[in-house]
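Each remark here refers to the structure printed beneath this line.
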Amino acid sequence: MPTPYRPIEEYYQLRHTIGSGGFAKVKLAHHILTGEKVAVKIMDKAALGPDLPRVQIEIEAMKTLTHQHVCKLYQVLETDTKIFMVLEYCPGGELFDYIVAKDRLPEEEARVFFRQIVSAVAYIHTEGYAHRDLKPENLLLDETHNLKLIDFGLCAKPKGGMDHQLSTCCGSPAYAAPELIQGDEYLGAEADVWSMGVLLYALMCGFLPFDDDNVGALYRKIRKGQYEVPDWLSPQSVDLINVMLQVNPKCRINVKELLCHPWLTEGLAEPIDFRTKYSNNHIDEDCITEMSIHFKKSKNTMLDIIKDWKYDDITATYFLLLNKKRRGKPCRILVPPVLSPKHAPDT
Ligand SMILES: Cn1cc(Br)cc1C(=O)Nc1[nH]nc2c1CN(C(=O)N[C@H](CN1CCCC1)c1ccccc1)C21CC1
C-alpha cells in the first residue's frame, strides 16, 4: 500500500524499519542531497497521547547535545499527525545485542566502551541534563565500533541546575538507583552513576547484578545493594563497581571522581577527556561553499542561515556534509542545483 506523501519524503528516501517501540518506529533512510544514511524516528502524535511532552523534551535535549558519543539529531519535521526526528544512523545496532552475542566482554573491551559511556554522561551532566534511562539498549554502535547514547525521552534538565532534586520515578527497574525506586527525592547525576555501575557489571558479566522476575523482589535486592562478584572480575573492576553501586548516594562515587578512577585511566596519562570534539560556532568552510552553490546563496548568507540551527533541511545538509568530509568522502551535494524557471534550458 503506497504510503501517503509525507514531507519527510521531500528530503529522504525511506527504507525498511530497523526498530519499533511502543509509540514510535525507526526507519533507515537516505538523505537525497548527500546520499548519507540516517535513522528516522517516526512518532504518531495520537498514539503518544500524554507522552507527547517527552518528545519535546527529547528534541530540545538533542538539539543542545553535540558530542562524539551522543547520537546526533539532524532534522525535526512535524505534521498534524506525526513527528519525525532525523538522527545519526548506527549500523552496529544496540550494545545490548552485542553483549548477548559475545556472552560477556573481556575487561579491555569493556574499558574502551565504558570510557565512552562515562565521557558522554559527564558531558550531558555539564550541559545540565541527566539521562535517567542508561542501559545497553540505549547505546548504539556506529560504523567505527564506537558508542552513541540515544533515547533522551526520560532525561531531565532540572530547573535549578544539576544539584536540584528530582522526584519522577522513571527508567528501567533493573538499572534504577535505590533512592529513585524508593520514591525519595534524588539527584539525576547520582542516579545516572548507579545506572552506569549496573551497565559496567552487565558489560563484564553478561548478566545483571540485581535481577528478579518479581518487581517487588527486584526492588528489595536493589535496596539491599548486594550482588554476586564472579571470579573473572579483576580487583580494580570490583572496586569500581563497588563504589558505583553504593546504596547511599552520598557514599557513591561522583562523575568527576569516576573520570580519574584507576580502572578507567589504566594505561592513560590523564583522566578521561569528556569534552565535545565539535564546536558550535566554527562552521566548516567546504560545507558552506558546497551549500552556497546548491542553494544559490552568497557564502555569507549561507553562513548566517546555517548558524540559525533551525534543525530543518539546511541543518541536516550541513551536518551530513560534515560527516562525509570527516569520513574522507568528497564534501559534495549529489543533486544539481534546481534551475529557476527563467534559466531553464530550451527543450
Ligand atoms: C538495531 N539496528 C541494527 C542495525 Br544494522 C542498525 C540498528 C539501529 O537500530 N540503528 C540505529 N541508528 N540510529 C538509531 C538506531 C536506532 N535508534 C533508536 O532510537 N532506537 C530506539 C531503541 N530504544 C532502545 C530501548 C527502547 C527503544 C528506538 C526508539 C523508539 C522506537 C524504536 C527504537 C536510532 C535513532 C537513534
Is it the case that the side chain of [X] and the backbone of [Y] share a donor-acceptor pair, with hydrogens and angles ignored and the cut-off at 3.5 Å?
X    : Y    : result
R115 : I272 : no
T276 : T66  : yes
S234 : S237 : yes
D313 : A316 : no
E290 : I333 : yes
N146 : H69  : no
Y12  : A39  : no
E9   : R6   : yes

How far apart are the closest heavy atoms of [X] and [Y], and which atoms are they?
X    : Y    : answer
V70  : E88  : O-OE1, 3.9 Å
T79  : F84  : CG2-CE1, 4.0 Å
P337 : I293 : CG-O, 4.0 Å
I288 : M302 : O-CG, 4.0 Å

Is the shortest distance from a Lys or Arg side-chain nitrogen in [X] or [Y] to a carboxylate oxygen in the other one below 4.0 Å?
X    : Y    : value
R252 : E257 : no
K63  : E58  : no
E127 : K157 : no
D44  : K25  : no
E107 : R111 : yes
K324 : E36  : no

Out of curiosity, does [Y] fall in the hydrophobic cluster containing [X] (side-chain heavy atoms, cut-off under 4.5 Å, transitive links)?
X    : Y    : answer
L187 : M244 : no
M204 : Y98  : yes
L166 : Y129 : no
L199 : L218 : yes
V38  : V26  : no

Do [X] and [Y] make a side-chain contact, defined as non-hydrogen atoms from C-beta onward lying under 4.5 Å apart?
X    : Y    : value
N254 : V193 : no
I32  : V335 : yes
M291 : I306 : yes
I314 : F295 : yes
Y201 : F207 : yes
R326 : L322 : yes
L334 : L33  : no

Tell me, with the steps shown, if S172 and D133 meet side-chain hydrogen bond (donor to acceptor under 3.5 Å, both in side chains). CA-CA 6 Å; S172 311; D133 195 14; 3.1 Å; yes
Measure from the ring center of F152 to the ring center of H131 and say whether it is less than 6.0 Å. yes
Centroid separation Y89 to H30 less than 6.0 Å: no
Output, in order, the C-alpha distance, side-chain angles, deciding distance and verdict of side-chain hydrogen bond (donor to acceptor under 3.5 Å, both in side chains) for K45 and T81. CA-CA 5 Å; K45 284 182 181 174; T81 59; over 6 Å; no
Got a sec: does the [atom1] of [X] have more than 12 other heavy atoms crowding it under 6.0 Å?
X    : atom1 : result
K325 : NZ    : yes
R223 : CZ    : yes
F96  : CZ    : no

Could you check whether [Y] and [X], counting side-chain N and O atoms only, form a donor-acceptor pair closer than 3.5 Å?
X    : Y    : answer
S298 : N300 : no
S292 : T289 : no
N323 : Y74  : yes

Under the side-chain hydrogen bond (donor to acceptor under 3.5 Å, both in side chains) rule, what pairs show up with a residue in residues 184-193, not counting sequence neighbours? H125-D192, R132-Y186, E190-K250
Tell me whether the rings of F113 and H145 are parallel (<30°), tilted (30 to 60°) or perpendicular (>60°). tilted
Could you walk me through whether Q56 and I83 pass side-chain contact (heavy atoms from CB on, under 4.5 Å), step by step? CA-CA 10 Å; Q56 299 308 346; I83 297 176; 4.2 Å; yes
Under the side-chain contact (heavy atoms from CB on, under 4.5 Å) rule, what do R327 and E143 come out as? Steps first, then yes or no, please. CA-CA 10 Å; R327 295 208 326 272; E143 79 278 353; 3.2 Å; yes
Please list, chain by chain and in numerical order, all residues satisfying side chain to side chain donor-acceptor pair (under 3.5 Å) with T17, sequence neighbours excluded. K27
Given salt bridge (charged side-chain N to carboxylate O under 4.0 Å, His left out), test D151 with K41 step by step and report yes or no. CA-CA 11 Å; D151 278 0; K41 191 169 171 181; 3.4 Å; yes
Distance under 6.0 Å and angle within 45° of ring axis: K221 vs Y227: no
